[in-house]
Amino acid sequence: MRINVLGVGFDNVTMAEALARGAELLESEGAHYVVTPNPEIVEACRADAEAMAAVNGADLVLPDGIGVVYGAKMLKTPLKERVPGIEFGTGMIEYCANSGKSVYFLGAKPGVAEQAAKNLRQRFDGLIVSGTKDGYFKDDAAAAAAIRESGADMALICLGAPKQEKFMAKYGEASGCRLMLGLGGSLDVFAGVAQRAPSFYVNHNLEWFYRLLKNPSRFGRMMKLPLFLAHVAKEK
Ligand code: UDP
C-alpha cells in the first residue's frame, strides 16, 4: 500500500528495496516507469491533473527530498527513508552494466547526455549506452521512436517535472524499453555540468539549501517547500 502525501502515493521502501524492485521491473515483460517526486513536484501535481495521474501511474514512486519524508511524518504515516533519485539512478545504471542491459540517455542541453554517457562508461565497466538525445526536441513521438530504434532496455528521461512524468506515462510502450526513470537534473550531475552538494549538506538534509546558495534564481521554486509543509499541516 502506498503512503498518501497530498494526493501522491509514495512507495514505502528503503534504497535497497527500491533497487531490488527496479531490477525486478527491468527483468519483467512490459513497459514500466519510476518517478521521484520532491515537494515541488507534489505541489505541481496538485495544480495539474495530468501530472498527478502520470505520477501516480508509475510502477515505483520514490520520495526524493527530505520535505516529503517530513510531510509523511507530520501526517503520522512515516516513510522508511528518503530515496534520492540520482542515487537510485546510479544504482540502476550499475545493475545494467553488470547484467549486460543497455541504457539510453534522454534530456538536458545539447552535448550533456553524451558527456554523461562518456563519464558513466568510464565509471561502470561494460556499460552499454544504446543512444543519447538532448531534451529540447519538438516531437515527443519521434523521441520515443529513437529510443525504440536504439533497442534500449532502460532509459533515463531527464526533462524536468512534470514534462518527464507525462512523457513516460504516454510513451512507455512506444519507447520499447522495459524501464524508464524520470530523473530531473541528473544528467547535468553525471556530465559534471552541475555538482551535487558536498556530503555535509546531504547528511544534514540541507541539500536544498546548498542548491539555493549555488543558484539563487531557484528561490521562487524553493518557496514551494514551505507551501507544501503548510498544505500538509492543513491536511493533518
Ligand atoms: N530540460 C530538458 N528539456 C526541457 C526542459 C528542461 O531537457 O524542455 C532539462 C534541463 O536542461 C535540466 C533538467 O531538464 O537538465 C531539469 O533540471 P532541474 O534542475 O529542473 O531538475 P530537478 O532535478 O530540480 O527536478
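Whatever order the structure lists ligands and atoms in, that order sets their numbers, starting from 1.
- Atoms of ligand 1 lying under 4.0 Å from at least one heavy atom of G107, given by number and element, are 7 (O).
- Atom 5 (C) of ligand 1 has as its closest protein heavy atom L159 O, 3.4 Å.
- Under a 4.0 Å criterion applied to the non-hydrogen atoms of R221, ligand 1 contributes the atoms 20 (O), 24 (O).
- Proximity of a side-chain donor or acceptor of Y104 to a complementary backbone N or O of G151 within less than 3.5 Å is not detected.
- Annotation for ligand 1: atoms under 4.0 Å from non-hydrogen atoms of K163 are 4 (C), 8 (O).
- In the model, S102 has no side-chain atom that pairs as donor or acceptor with a side-chain atom of S130 under 3.5 Å.
- A salt bridge between E43 and K224 is absent, with no side-chain N of the basic residue lying under 4.0 Å from a carboxylate O of the acidic one.
- The side-chain heavy atoms of R196 and E87, taken from C-beta on, include a pair separated by under 4.5 Å.
- Using a 4.0 Å cut-off between charged side-chain N and carboxylate O, E165 and K170 make no salt bridge.
- Residue A108 has at least one N or O atom closer than 3.5 Å to an N or O atom of ligand 1.
- Ligand 1 has no atom lying under 4.0 Å from any heavy atom of L187.
- No side-chain heavy atom of Q115 sits less than 4.5 Å from a side-chain heavy atom of L187.
- Residue, atom and distance of the protein heavy atom nearest to atom 25 (O) of ligand 1 are G184 CA, 3.9 Å.
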task = Go through the steps to decide whether E27 and Y95 satisfy the test side chain to side chain donor-acceptor pair (under 3.5 Å), and finish with yes or no.
result = CA-CA 11 Å; E27 300 291 351; Y95 178 85; 2.6 Å; yes
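- Residue N38 places no N or O, backbone or side chain, under 3.5 Å from any N or O of ligand 1.
- The closest non-hydrogen atom to atom 22 (P) of ligand 1, taken over S186, G182, G185, A116, comes from G185.
- At the top of the distance list for atom 12 (C) of ligand 1, counting protein heavy atoms only, stands D188 OD2, 3.4 Å.
- The closest approach between a heavy atom of E40 and any atom of ligand 1 is not below 4.0 Å.
- Closest protein heavy atom to atom 24 (O) of ligand 1: R218 NH2, 3.1 Å.
- Looking at D11 and R2, a side-chain N of the basic residue comes within less than 4.0 Å of a carboxylate O on the acidic one, giving a salt bridge.
- Within the set A161, A191, G135, the minimum heavy-atom distance to atom 3 (N) of ligand 1 is found for G135.
- In this structure, atom 1 (N) of ligand 1 lies nearest to the protein heavy atom Y136 OH, 3.2 Å.
- Between E17 and K80 there is a salt bridge, with a side-chain nitrogen of the basic residue lying less than 4.0 Å from a carboxylate oxygen of the acidic one.
- Ligand 1 has an N or O atom lying under 3.5 Å from an N or O atom of G160, backbone or side chain.
- Contacts between C158 and ligand 1, counted as non-hydrogen atom pairs separated by less than 4.0 Å, involve the backbone only.
- Just one of D48, D140, L159 meets the side-chain contact (heavy atoms from CB on, under 4.5 Å) condition when paired with K166; it is D48.
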